[in-house]
Amino acid sequence: MINVAVVDDHKIITDGLERLINESGIACVIGKAYSIVGCWNLLESNQPDVLLLDISMPDGSGIDLCPKIKKKYPQLKILMLTSYGELTTIARALDAGADGYVLKNSEPEELLEGIRTVACGGRFLCEEVNVTLRKSGNNLLELTRREMELLQLISAGYTLPEQADKMCLGYHTVRGYRQKLNVKLGAHNTVQLLQNAKALKLIGS
């Protein structure tokens, strides 16, 4: 079970996130705060695995807070959860030490995948952020562990039913991952997907 803390200045959002996370079966919320001062107080009394952190706070910026938290709690994973989808803001947050970036209009499943990914030591960018980075020509595009696993299976020539079997997932779940891969890599078919993945050095040539 992943321990999560939520820091957002809107109580209705923190309460909604708490319900979503606690009902997910993979994580639980062990603390909530509504300001940067409250965040520090929370971290002094609780040690979460993942911190969901908004950018715009009444007493400062979540981005400015990131390196300070990382310095004092280097093991803590920070997943930015915000409505700011501009390229410059995304880049600033990642440069400040954020382990992931999720927009508030993302699907609940995407947020939970983000929590799971950063808790396991990976970096997670929600689909819309990945698309923004890809369109800008930025090389920060990231695939989740499951997406990388699927990409390797596609490269090896496995069919969709075989991919589902290898990944121990349902057919429709794997098809959903495949659709996300196409969006992230700007592909419309398997040939284009593999060509783009090779160009980005995600798979061997």
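Fair warning: this is a prediction, and the values are worked out from it, not measured in the lab. These values consider heavy atoms only, across backbone and side chains, with no hydrogens, waters or symmetry-generated copies.
Using a 3.5 Å distance cut-off with no hydrogens or angles, the side chains of T190 and R178 do pair a donor with an acceptor.
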For residues 99-109, run the donor-acceptor check on the side chains, cut-off 3.5 Å, and write out each pair with its distance to 0.1 Å, sequence neighbours left out.
unit_1 : atom_1 : unit_2 : atom_2 : d
D99    : OD1    : K70    : NZ     : 3.4
D99    : OD2    : K70    : NZ     : 2.6
D99    : OD2    : I78    : N      : 2.8
Y101   : OH     : Y84    : O      : 2.5
K104   : NZ     : D8     : OD2    : 2.8
K104   : NZ     : D54    : OD2    : 3.2
N105   : ND2    : E128   : OE1    : 3.4
S106   : OG     : L103   : O      : 2.8

Mind listing the side-chain donor-acceptor pairs of residues 21-41 below 3.5 Å, one per line with the distance, residues two or more places apart or on another chain?
unit_1 : atom_1 : unit_2 : atom_2 : d
N22    : OD1    : V29    : N      : 2.8
N22    : ND2    : E18    : O      : 3.3
S24    : OG     : I21    : O      : 2.6
S24    : OG     : I26    : N      : 3.2
S24    : OG     : A27    : N      : 3.4
K32    : NZ     : D15    : OD1    : 2.8
K32    : NZ     : E18    : OE1    : 2.8
S35    : OG     : G38    : N      : 3.0
N41    : ND2    : V37    : O      : 3.4

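Taking CE of M148 as the reference point, atom CG of L181 lies at 9.0 Å (rounded to 0.5 Å). With rounding to the nearest 0.5 angstrom, the CG atom of L169 is 6.0 Å from the OH atom of Y177. Taking CG from L150 and OH from Y158, the interatomic distance works out to 13.0 Å, rounded to the nearest 0.5 Å. Taking CG from L87 and OG1 from T132, the interatomic distance works out to 7.5 Å, rounded to the nearest 0.5 Å. Atoms CG and CG, from L81 and L51 in turn, are 10.5 Å apart once rounded to the nearest 0.5 Å. Within the model, atoms CE of M80 and CD1 of I90 stand 11.0 Å from one another, a figure rounded to the nearest 0.5 Å.
The side-chain heavy atoms of S155 and K198, taken from C-beta on, include no pair separated by under 4.5 Å. Inter-residue side-chain proximity for L79 and L111 is flagged as met; some heavy-atom pair is nearer than 4.5 Å.
Note on residues 34-53: no pairs pass salt bridge (charged side-chain N to carboxylate O under 4.0 Å, His left out), not counting sequence neighbours. Contacts classified as salt bridge (charged side-chain N to carboxylate O under 4.0 Å, His left out) and involving residues 112-121 (residues at least two apart or in different chains) are given here: E113-R116. Applying the salt bridge (charged side-chain N to carboxylate O under 4.0 Å, His left out) rule to pairs touching residues 71-94 yields D64-R92, sequence neighbours excluded. Pairs engaging residues 150-175 under the salt bridge (charged side-chain N to carboxylate O under 4.0 Å, His left out) rule: none recorded [sequence neighbours left out].
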| field | Derivation of the side chain to side chain contact (heavy atoms under 4.5 Å, CB included) call for T82 and T89 | value | CA-CA 10 Å; T82 179; T89 306; 5.9 Å; no
Show, in sequence, the C-alpha distance, side-chain angles and deciding distance for I203 and I154, and conclude whether the side chain to side chain contact (heavy atoms under 4.5 Å, CB included) test is met.
CA-CA 10 Å; I203 58 175; I154 294 171; over 6 Å; no
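Scanning all heavy atoms of the two residues, the minimum distance from Q152 to L202 falls at NE2-O, 3.7 Å. The minimum heavy-atom distance linking A119 with V50 is given by the pair CB-CG2, 3.8 Å. Residues R146 and E149 share a closest heavy-atom pair of NH1-OE1, 3.1 Å.
Under the 4.5 Å side-chain heavy-atom criterion for grouping Ile, Leu, Val, Met, Phe, Trp and Tyr, I12 is connected to L52 within one hydrophobic cluster.
Side-chain atoms of N46 never come within 3.5 Å of backbone atoms of P48 as a donor-acceptor pair (strictly under, hydrogens ignored). Remark: the backbone N or O of K180 is not paired with any side-chain donor or acceptor of E147 at under 3.5 angstrom.
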